[in-house]
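Letters A, B, ... are given to chains in the order of the sequence lines, protein chains preceding strands, and every chain is numbered from 1.
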Protein chains: 2
Amino acid sequence: MGASKSSYFTASQNELARCFKALAHPARIAIIAHLLEVEACVCGDIVEKLPLSQPTVSQHLRELKEVGLIKGSIEGNRICYCLDKTAFANMQHYFDLILQHKNASECC
Amino acid sequence: MGASKSSYFTASQNELARCFKALAHPARIAIIAHLLEVEACVCGDIVEKLPLSQPTVSQHLRELKEVGLIKGSIEGNRICYCLDKTAFANMQHYFDLILQHKNASECC
DNA sequence: TTTTGTTATTGCAATATTACGATAAAGATT
DNA sequence: AATCTTTATCGTAATATTGCAATAACAAAA
């Protein structure tokens, strides 16, 4: 019955899926787009930009942070978030591997 | 309430999230890995390789097909699946854009 | 035509995600 | 200290995903 048999797959397959899952919501795509554009990346700014409540944004930020796509540093009262491009580079590598793979896969 | 306010976001944000969602499960990562390795890409082969039932694999294949990451062609009785590398190239472009973006984002 | 083989679909139970009000936590301000 | 500001967490309702048995659909084989 139901939901996620992650123990059946390899660690790297689970990890990769976990990273993609972090990107699998438009709000988190929007957060990333915003962090890419602005210099000041205070959490409150993101809440204002998105049509979502503060707790919901905070939850999305946590999911992005948990897979390492963003970092947050405490600045007194506030928290400054920004992208960690290393994590994005790691994910890009997955597509490199697929696209560089020479096979006859285009059989259909 | 709950679950998905996709109407609040742009079409491209929703589309991108939808593609990432297709990759957000280890079984689908495993299917892609298998299609990359083998020449013969008959559906039944995938079912044998994965620790999941035939209906479950069929459902995962449909999700991959719906976002264009794989294609399926009918071969008499069977269906031959393979990767569509164009779709992967499109997704890779997202990471290109982020990584090429010159900003002071590393503020944390 | 009946049977067999292969894949898709349906229906449903278990689990996960999403969203937010309420509230907690903690630094800043008065 | 009391209050304000900012962010995180808890609790919970609504919705989505996952997995599979049962079954349908359909071509191939007998």
Quick check for you: among C/dT7, D/dT9, D/dA8, whose closest atom lies nearest to any side-chain atom of B/Tyr81?
C/dT7

Between C/dA16 (C1') and A/Asn14 (CG): distance, integer Å:
15 Å

Mutual orientation of the aromatic rings belonging to A/His60 and A/His25 [parallel < 30°, tilted 30-60°, perpendicular > 60°]:
tilted

Between B/Arg28 and D/dT18, does any side-chain N or O lie under 4.0 Å from OP1 or OP2?
yes

Rounded to whole Å, the CG-C1' distance (A/Leu61 to D/dT7) equals 10 Å

Toward the 5' end of DNA chain D, by each residue's nearest nucleotide, A/Lys65 or B/Pro51:
A/Lys65

Confirm from the modelled atom types if A/Gln59 and D/dA8 form a donor-acceptor pair under 3.5 Å, side chain to base only.
no

Taking atom C1' of C/dT6 as reference, at what distance in whole Å does atom CD1 of B/Ile46 sit?
13 Å

Whole-Å distance, B/Ile70 CD1 to C/dA8 P, equals 9 Å

DNA chain D: A/Val57 or B/Gln54, which has the more 5' nearest nucleotide?
A/Val57

In whole angstrom, give the distance that lies between atom CZ of A/Arg62 and atom C1' of D/dT9.
7 Å

Counting heavy atoms from C-beta on, name the nucleotide in D/dC20, C/dC20, D/dT6 closest to the side chain of A/Arg78.
D/dT6

Heavy-atom closest contact (A/Ala89 atom, B/Leu99 atom, distance)
CA-CD1, 3.8 Å

In whole angstrom, what separates A/Leu64's CG from D/dA8's P?
12 Å

Residue whose closest nucleotide on DNA chain C lies nearer the 5' end, A/Ala27 versus A/Gly76:
A/Ala27

Which whole-number value in Å describes the distance from A/Arg18 CZ to D/dT17 P?
20 Å

Result of checking A/Phe95, A/Tyr94, A/Phe20 against B/Phe95 for ring-ring contact (aromatic ring centres under 6.0 Å, His included):
A/Phe95

OP1 or OP2 of D/dT17 less than 4.0 angstrom from a side-chain nitrogen or oxygen of B/Lys21, does that happen here?
yes

If you only use heavy atoms from C-beta on, which nucleotide in C/dA28, C/dG21, C/dA8 is closest to the side chain of A/Asn77?
C/dA28

How about B/Leu69 and B/Leu23: do any of their side-chain heavy atoms sit closer than 4.5 Å?
yes

Is any side-chain heavy atom of A/Arg62 closer than 4.5 Å to a side-chain heavy atom of A/Ser58?
no

A/Glu63 CD to D/dA8 C1': how many Å, rounded?
14 Å

Below 4.0 angstrom from OP1 or OP2 of C/dA19, is there any side-chain N or O of A/His60?
yes

Of all the heavy-atom pairs spanning B/Arg28 and B/Ala22, show the shortest one and how long it is.
NE-O, 2.6 Å

Between D/dG19, C/dA8, C/dC20, which nucleotide gets closest to the side-chain atoms of B/His25?
D/dG19

Of the listed nucleotides D/dA27, C/dA19, D/dC20, the one nearest the side chain of B/Leu52
D/dC20

Can you see if the side chain of B/Thr56 gets near the phosphate of D/dT18 - specifically, an N or O under 4.0 Å from OP1 or OP2?
no

Candidate nucleotides C/dC20, C/dT6, D/dG19, ranked by approach to the side chain of A/Ser53 - the nearest:
C/dC20

